[in-house]
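Working notes, structure below.
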Protein chains: 2
Amino acid sequence: MPNLTRAIEKYIHDLLESGEAASVSLRRKELAESFGCVPSQINYVLRSRFTPERGFLVESQRGGHGYIRILRIAFEDPEEKMNHIDDIVGDSISDQEAHRLLQILQERDLITARERLIIEVALRHSDEMGQSDFDLSQHKRNTIQAELLKRMLRSLMLA
Amino acid sequence: MPNLTRAIEKYIHDLLESGEAASVSLRRKELAESFGCVPSQINYVLRSRFTPERGFLVESQRGGHGYIRILRIAFEDPEEKMNHIDDIVGDSISDQEAHRLLQILQERDLITARERLIIEVALRHSDEMGQSDFDLSQHKRNTIQAELLKRMLRSLMLA
DNA sequence: ATTATTGATTATCCTTGACCTTCATTATAG
DNA sequence: CTATAATGAAGGTCAAGGATAATCAATAAT
């Protein structure tokens with residue numbers, strides 16, 4: 001049985017695509033049984049494949065009537081220009097460059113003003129921590145900032 | 001008998017929506033009887049669903065002519081909302097608590113799914129840095145996480 | 001070395017029921 | 001008449017038990 005994880009991943013993915021809904025609900029136990037695996041295998045698939053970084057949110061309830069719900073947030077068809085987020089941001093980015101990039105993205109309606117605000121706050125917090133709490137160099141901080149920025153933007157733009 | 005708690009939750013919610021009033025009054029015993037359950041089930045629903053976190057307050061009176069009243073909290077100005085956020089997040093918050101809070105905020109339409117996604121990514125990045133790069137304790141990471149979360153949410157409440 | 005699989009253990013949610021507390025009304029004592 | 005005690009009518013607490021899901025460490029596969 002090669003690649004159980006991918007099979008389960010594909011199954012969930014297909015569920016999300018077939019139904020028009022932006023989310024699917026599952027019974028962990030049932031799904032595990034239908035794939036002939038242990039229930040915790042489902043958690044592995046979710047943790048490794050359906051992450052916020054990839055544009056998914058996962059909600060769940062334990063106990064009686066428990067469930068797992070997977071939501072797809074990101075666009076199916078990302079803007080062509082955003083395919084190059086990695087190139088644009090690069091491995092290191094300054095506050096000012098990040099600031100300017102976010103402004104451009106908002107002007108192009110790829111992100112909203114509120115989304116931009118959250119991102120700016122997160123970047124600022126990261127920089128502040130790096131400086132005050134961990135005494136990191138400018139370059140190191142800019143590297144971390146680039147990583148954080150890419151993750152946030154990718155989650156919105158890429159599938 | 002699928003999900004008694006959710007049925008009762010929905011019933012109360014509908015009551016609040018149908019009437020224009022910002023509150024509803026109930027008789028615990030009667031409500032329990034109409035759902036064919038034990039009275040303390042009502043307390044469970046109130047405790048787990050109609051919390052301040054979710055924007056509700058519950059008042060009650062025992063003895064003869066007793067009652068339970070559920071109020072929906074309305075925020076006058078952004079500052080009130082901010083204080084509310086600060087109280088709920090506190091000085092330290094776990095991944096799971098943060099996750100849950102964001103889900104609730106989205107359900108209350110205080111944030112969008114995309115905004116929630118960005119915030120989840122930022123929190124995960126913060127936690128990951130704290131753990132892998134700086135070897136911080138769980139508590140320290142939760143403290144940083146609370147600070148970051150509050151800042152992001154505050155920025156939105158004012159927007 | 002990284003990713004995937006498993007299973008034992010732990011945590012959480014829902015439901016129920018026995019027992020506790022509080023309040024209003026009524027009965028009784030002075 | 002008043003003050004207090006008894007009664008009945010709410011609602012509150014808590015702990016147990018069953019139903020799920022999450023976590024984590026060990027092991028296997030790639």
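These values consider heavy atoms only, across backbone and side chains, with no hydrogens, waters or symmetry-generated copies. Letters A, B, ... mirror the listed sequences (proteins, then strands); counts begin at 1.
Classification of B:R124 and B:D95 as a salt-bridged pair fails, no side-chain N sitting under 4.0 Å from a carboxylate O. Comment: A:E120 engages A:R116 in a salt bridge, judged by a side-chain N to carboxylate O separation of less than 4.0 angstrom. Ion pairing of A:R151 with A:E147 is present here, as a side-chain N (NZ or NE/NH1/NH2) and a carboxylate O approach within less than 4.0 Å.
Residue A:R6 is out of contact with every strand shown, counting any heavy-atom pair closer than 4.0 Å.
A side-chain donor from one of A:Q41 and A:T5 sits under 3.5 Å from a side-chain acceptor of the other.
Rounded to whole Å, atom C1' of C:dT16 lies 17 Å from atom CZ of B:F35. Atom C1' of nucleotide C:dC13 and atom CD of B:E9 are separated by 13 Å, given to the nearest angstrom. Residue A:I8 contributes atom CD1, which lies 12 Å from atom C1' of C:dT6 at whole-angstrom precision. When rounded to the nearest whole Å, the span between CD of A:Q41 and C1' of C:dT5 equals 5 Å. Per the geometry, CG belonging to B:L31 stands 10 Å off P belonging to D:dG11, to the nearest Å. When the C1' atom of D:dA10 is taken as reference, atom CZ of B:R69 falls 15 Å away, rounded to whole Å.
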Inset, instruction - Classify every nucleotide of nucleotides 13-24 of chain D by which part a protein heavy atom approaches to under 4.0 Å, writing B for the base, S for the sugar-phosphate alone and - for neither, in 5'-to-3' order. - result: B-----BBBBB-

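Here the shortest heavy-atom pairing between A:F56 and B:L117 reads O-CD1, 3.8 Å.
An OP1 or OP2 oxygen of C:dT5 is reached within less than 4.0 angstrom by no side-chain nitrogen or oxygen of A:Y44.
Taking CG of B:L156 as the reference point, atom CG of B:L110 lies at 9.5 Å (rounded to 0.5 Å).
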